[in-house]
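Here's the structure we're looking at; comments come further down.
As the structure is a prediction and not an experimental result, all values here were calculated from the model. The sequence lines fix the lettering, A, B, ..., with proteins before strands; numbering per chain opens at 1.
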Protein chains: 2
Amino acid sequence: MMAGMSSALRLPSADTPFTNPLDGLLGYQLRRASAVMLADLSETLADLDLTVTEVSILLQIDANPDITQSDIGRILAIKRANMAPMTAALQERGFLDRVAADGRSQSLRLTERGRTICNEVRDRISRHEARFLPDISPAEREALIEMLALIWVG
Amino acid sequence: MMAGMSSALRLPSADTPFTNPLDGLLGYQLRRASAVMLADLSETLADLDLTVTEVSILLQIDANPDITQSDIGRILAIKRANMAPMTAALQERGFLDRVAADGRSQSLRLTERGRTICNEVRDRISRHEARFLPDISPAEREALIEMLALIWVG
DNA sequence: TATTGTTATACTCTATAACTATA
DNA sequence: TATAGTTATAGAGTATAACAATA
């Protein structure tokens with residue numbers, strides 16, 4: 001699916017005789033770095049047959065029991081219309097249950113299977129994260145993450 | 001097209017009573033930050049009827065006259081098969097010309113119109129970049145950009 | 001035998017529109 | 001009147017496969 005993608009994405013520009021006028025742009029570096037980490041995480045989860053978006057949803061429910069799918073959509077910037085088939089699929093696979101909260105809202109809860117897969121996913125994400133920028137200090141890493149949050153948190 | 005997208009993406013998590021277990025992840029912060037900057041750049045270029053990928057191609061040609069579309073694809077991680085319709089469209093719109101380099105390769109060059117649009121695009125990209133993290137020093141910004149390059153440059 | 005350019009095609013992601021039911 | 005959930009659908013972006021022409 002994404003096999004071989006991250007290695008292709010990671011070809012260093014030093015391999016070419018060309019200059020890349022985008023190299024000094026924050027937006028460009030964000031896009032390339034994000035694509036490589038996303039591809040790596042996707043490979044990391046492939047044998048579980050879970051997408052990055054699906055595990056993001058499961059982890060939200062695990063951290064916020066009885067959250068609704070609309071709330072998850074607002075947190076993760078996924079439209080209501082696109083949340084519906086994802087939660088339906090995750091329920092069909094036995095990772096979550098739905099309980100009527102009121103007449104129109106449904107509380108989402110993980111099943112035992114959902115909680116088990118979340119533990120496995122957290123382990124894999126930890127190892128995935130540790131593969132990138134292994135040489136910077138925890139303080140530098142935290143500063144980097146906080147700086148990135150400033151870009152998109154209003 | 002992407003109207004209103006960046007404002008929706010930038011809704012702060014503080015607006016919700018939920019905790020986001022992804023907040024501390026480098027990959028998550030990269031994805032959100034990248035999406036917001038991409039959406040902003042897309043809006044910035046919308047009235048020129050140019051996509052972010054199209055201007056990336058034009059800027060590569062401007063910086064590397066007579067580059068081939070395969071080389072651009074390698075630099076930007078765009079597959080040959082997807083480069084073909086893009087360069088065809090940019091040529092049809094009068095932004096670039098093709099000259100046979102050898103029997104199978106074509107040198108790409110910007111037309112006068114292509115160079116003019118590149119100047120406008122560079123101005124807009126500069127203002128776009130300046131809208132993000134306006135309070136950090138140039139040195140901090142450069143350090144951030146170099147750190148991001150370490151993530152994806154092999 | 002490998003590379004360039006091209007076409008066809010499929011899959012994912014994400015967007016809008018429209019609908020029902022409920023607050 | 002606004003919101004939750006759903007379905008249908010359309011547009012990007014990106015993947016593979018196959019082909020002809022050339023190195």
Side-chain angles (χ1 to χ4, degrees), chain A residues 1-9 16 31-32 34-36 38-39 41-43 45-46 49-57 66-92 96 98-108, chain B residues 1-9 16 31-32 34-36 38-39 41-43 45-46 49-57 66-92 96 98-108:
Chain A
M1 174 233 295
M2 292 198 133
M5 186 176 174
S6 72
S7 57
L9 285 174
T16 82
R31 190 184 192 183
R32 298 303 297 264
S34 173
V36 165
L38 202 55
L41 182 55
S42 180
E43 288 172 33
L45 301 170
D49 196 28
L50 286 170
T51 67
V52 174
T53 303
E54 285 171 334
V55 307
S56 300
I57 292 170
D66 291 332
I67 195 172
T68 68
Q69 66 190 51
S70 288
D71 282 326
I72 295 174
R74 276 186 284 271
I75 295 173
L76 297 178
I78 302 171
K79 297 261 182 279
R80 242 167 48 247
N82 297 325
M83 284 295 301
M86 293 191 211
T87 51
L90 289 170
Q91 181 179 27
E92 199 168 353
L96 60 85
R98 301 167 150 180
V99 180
D102 57 40
R104 67 184 174 188
S105 298
Q106 299 163 357
S107 295
L108 302 180
Chain B
M1 175 233 295
M2 292 197 133
M5 186 179 176
S6 73
S7 58
L9 286 173
T16 81
R31 190 184 192 183
R32 298 302 297 265
S34 174
V36 165
L38 201 56
L41 182 55
S42 180
E43 288 172 33
L45 300 170
D49 196 29
L50 286 170
T51 66
V52 174
T53 303
E54 285 171 332
V55 307
S56 301
I57 292 170
D66 291 332
I67 195 173
T68 67
Q69 66 189 49
S70 287
D71 282 327
I72 295 175
R74 276 186 284 273
I75 294 173
L76 296 178
I78 302 171
K79 296 261 182 281
R80 240 166 51 248
N82 298 324
M83 283 296 300
M86 293 191 210
T87 50
L90 290 170
Q91 181 178 27
E92 199 168 352
L96 60 86
R98 300 166 152 181
V99 180
D102 57 39
R104 66 182 173 188
S105 298
Q106 298 163 357
S107 295
L108 302 181

query = Could you state the CD-C1' distance from B/Glu43 to C/dA15, rounded to the nearest angstrom?
reply = 14 Å
B/Leu50 CG - D/dG13 P separation (whole Å) = 12 Å
Sub-4.5 Å side-chain heavy-atom contact between A/Leu108 and A/Ile57 = no
ask   = How sharply is the helix from C/dT1-D/dA23 to C/dA23-D/dT1 bent, taking the axes over five pairs at either end and rounding to 10 degrees?
value = 20°
message = How many whole angstroms separate atom CG of B/Asp49 from atom P of D/dA12?
response = 10 Å
task = Let me have a per-nucleotide readout for nucleotides 2-9 of chain C, 5' to 3', with B, S or -, counting only protein heavy atoms under 4.0 Å.
result = BBBBBBB-
inquiry  = In whole Å, I'd like the distance from the NZ atom of B/Lys79 to the P atom of C/dC11.
reply    = 18 Å
Spacing of B/Leu38 atom CG and B/Thr51 atom OG1 [to the nearest 0.5 Å] = 10.0 Å
Side chain to side chain, A/Gln69 and A/Arg98, heavy atoms closer than 4.5 Å = yes
inquiry  = What I'd like to find out is whether the side chain of B/Met83 reaches to under 4.5 Å of the side chain of B/Leu76, using heavy atoms alone.
reply    = no
request  = Measure the CZ-OG distance between A/Arg32 and B/Ser34 for me, rounded to the nearest 0.5 Å.
outcome  = 11.0 Å
ask   = For the atom pair CG (B/Asp71) and OG (B/Ser107), what is the distance rounded to the nearest 0.5 Å?
value = 10.0 Å
key: Length of the line joining A/Leu38:CG and C/dT14:C1', which is rounded to integer Å   = 14 Å
task = Could I get the full list of salt bridge (Lys or Arg N to Asp or Glu O under 4.0 Å) partners for B/Asp102, not counting sequence neighbours?
result = none
remark   = Rounded to whole Å, CG of A/Leu96 lies from P of D/dG5 at a distance of 12 Å
ask   = With no hydrogens and no angle check, is any side-chain donor or acceptor of A/Ser56 less than 3.5 Å from a backbone partner on A/Val52?
value = yes
key: Protein-nucleotide distance (A/Leu41, atom CG; C/dT12, atom P), rounded to Å   = 17 Å
